[in-house]
Amino acid sequence: MSKQWDQTDIHTYHSRIHHRVPGYDTLHNLSATLMSRYLLKSEGTILVIGAGGGEEIIRMANLLPNARFIALDSSKQMLTLARERCEKGKIVDRVQFIRGTASDLPKGIKYDAAVCLLMFHFIEQTDQKQALLKTINHHLAPGSPFLIASVCRERKSHPFQQHLLNWSTYVSHQSVHLDAINCYVESMGKTNHPISSKTLKHQLTHAGFGEITTYFQALFVEAVFCRKGDPDEK
């Protein structure tokens with residue numbers, strides 16, 4: 001997955017992602033708002049999985065001036081972009097950058113919240129997705145909020161195919177070239193591995209999360225709020 005993102009042109013990433021994810025700004029604003037409401041302590045530390053780009057850190061930092069962030073990403077280029085944006089936003093001193101995966105997080109440390117936005121569907125295997133959720137849960141303090149957004153549909157289902165057609169129409173009006181649209185459609189099952197909303201919520205439950213609620217949906221993108229259960233039994 002990191003190889004794919006290390007080939008990304010970081011200088012055009014933000015303009016491209018805004019055009020290609022319906023409701024991108026709304027998703028991030030809602031996520032930051034929920035985090036400002038449910039973070040257990042205002043000076044808490046928030047784990048950001050797939051932090052490359054830095055968008056969620058910038059949005060949350062504006063609403064949570066005392067919070068600190070762990071920016072985790074396996075891509076060197078995307079983590080560089082996140083650092084550059086945090087430097088520009090004058091919040092870099094509140095962010096620790098870690099290149100790697102969740103298994104590289106320091107052992108024994110519990111964070112006060114976590115977010116994983118628009119990354120989960122790039123994980124190929126179902127058991128790998130489940131393992132990531134369990135690792136995130138393990139690194140959270142009891143009661144901590146977790147926000148996750150992903151492409152959530154059964155890939156071969158008729159509703160998903162309709163969403164793809166609707167998405168193609170939407171992004172074509174955002175000046176996205178036909179080649180880029182076709183490339184994304186063809187990525188399904190290759191670099192993009194969505195699961196159904198039902199499966200995601202089942203995996204969250206199995207990983208030890210509760211209070212699982214959808215808080216955003218646009219076409220095939222869904223965002224879910226949940227909390228780590230108490231006590232830590234996972």
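Heavy-atom basis, side chains included; hydrogens, waters and symmetry copies ignored.
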**Q.** Worked check of side chain to side chain contact (heavy atoms under 4.5 Å, CB included) between His193 and Met188
**A.** CA-CA 6 Å; His193 307 280; Met188 293 299 165; over 6 Å; no
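- Hydrophobic clustering (ILVMFWY, side-chain heavy atoms < 4.5 Å, transitive): Val185 and Leu165 are in distinct clusters.
- Scanning all heavy atoms of the two residues, the minimum distance from Met119 to Cys116 falls at CE-SG, 3.6 Å.
- Lys110 places a side-chain N or O within donor-acceptor distance of the main-chain N or O of His138, the cut-off being under 3.5 Å.
- Under the rule for a salt bridge (charged side-chain N to carboxylate O under 4.0 Å, His left out), Arg94 has no partner lying at least two apart in sequence or in another chain.
- The line from CH2 of Trp167 to CD of Gln162 is 15.0 Å long, rounded to the nearest 0.5 Å.
- His121 NE2 to Asn192 CG: the interatomic distance, rounded to the nearest 0.5 Å, is 5.0 Å.
- Scanning both residues, Ala82 and Gly54, for their nearest heavy atoms gives CB-N, 3.7 Å.
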Side-chain donor-acceptor contacts of residues 37-53 below 3.5 Å, not counting sequence neighbours, with atom names and distances?
none

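- Every residue meeting the salt bridge (charged side-chain N to carboxylate O under 4.0 Å, His left out) condition with Arg227, not counting sequence neighbours, appears here in chain and number order: Glu211.
- Checking Tyr184 against Ser168 by side-chain atom types alone, no donor-acceptor pair falls below 3.5 Å.
- Side-chain contact check for Ile148 versus Phe209: every heavy-atom pair is 4.5 Å or farther apart.
- Linking Ile, Leu, Val, Met, Phe, Trp and Tyr residues whenever their side-chain heavy atoms come within less than 4.5 Å places Ile17 and Tyr170 in a single cluster.
- Residues Phe69 and Cys86 have side chains not in contact (no heavy-atom distance under 4.5 Å, counting atoms from C-beta outward).
- The two residues Ala61 and Ile91 have their closest heavy-atom pair at CB-CD1, 3.6 Å.
- The salt bridge (charged side-chain N to carboxylate O under 4.0 Å, His left out) pairs that include a residue from residues 179-203 are Lys201-Glu222, where partners are two or more places apart or lie in different chains.
- Rounding to the nearest 0.5 Å places OG1 of Thr33 at 11.0 Å from CE of Met35.
- Between Leu79 atom CG and Arg99 atom CZ the span is 8.5 Å, to the nearest 0.5 Å.
- Partner Tyr24 forms a side chain to side chain contact (heavy atoms under 4.5 Å, CB included) with one of Leu117, Asn29, Leu118 and no other, that one being Leu118.
- The closest side-chain heavy-atom distance from Pro194 to Phe220 is not below 4.5 Å.
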Q | Thr101 and Thr135: CA distance, side-chain angles, deciding distance, side chain to side chain contact (heavy atoms under 4.5 Å, CB included) verdict | A | CA-CA 10 Å; Thr101 65; Thr135 300; over 6 Å; no
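- Residues Arg68 and Gln96 are not in side-chain contact: their nearest non-hydrogen atoms beyond the backbone lie 4.5 Å or more apart.
- The side-chain heavy atoms of Leu132 and Phe120, taken from C-beta on, include a pair separated by under 4.5 Å.
- Neither Leu30 nor Leu63 shares a network with the other; the hydrophobic side chains, linked directly or stepwise wherever heavy atoms of I, L, V, M, F, W or Y lie under 4.5 Å apart, form separate groups for each.
- With rounding to the nearest 0.5 angstrom, the OG1 atom of Thr126 is 6.5 Å from the CD1 atom of Ile195.
- Every pair passing salt bridge (charged side-chain N to carboxylate O under 4.0 Å, His left out) that includes a residue from residues 44-63 is listed here, sequence neighbours excluded: Asp25-Arg59, Glu55-Arg59, Glu55-Arg85.
- The minimum heavy-atom distance between Leu204 and Cys226, with the atom names listed, is CD2-SG, 4.0 Å.
- Tyr215 has its side chain within reach of Leu27: a pair of non-hydrogen atoms, C-beta onward, lies under 4.5 Å apart.
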(Q) As a quick check of understanding, evaluate side chain to side chain contact (heavy atoms under 4.5 Å, CB included) for Ile181 and Ser172, giving each step before the final call. (A) CA-CA 8 Å; Ile181 295 173; Ser172 68; 4.0 Å; yes
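- When every heavy atom of Ser36 is checked against every heavy atom of Leu64, the shortest pair comes out as CA-CD2, 3.7 Å.
- With rounding to the nearest 0.5 Å, the separation of CG in Asp112 from CG in Leu140 is 8.5 Å.
- Residues Val151 and Phe160 come closest through the heavy atom pair CG1-CE1, 4.0 Å.
- Partners of Lys129 according to the salt bridge (charged side-chain N to carboxylate O under 4.0 Å, His left out) rule, which considers only residues two or more places apart in sequence or in another chain, do not exist here.
- With Arg16 as reference, Arg20 is the one residue of His18, His19, Arg20 to meet the side chain to side chain contact (heavy atoms under 4.5 Å, CB included) rule.
- Looking only at side-chain heavy atoms (C-beta outward), Phe97 and Val92 come within less than 4.5 Å of each other.
- Taking 4.5 Å as the limit, some side-chain heavy atom of Phe216 sits within range of a side-chain heavy atom of Val221.
- Of the possible polar contacts, one joining the Lys228 side chain to the Asn137 backbone as a donor-acceptor pair under 3.5 Å is found.
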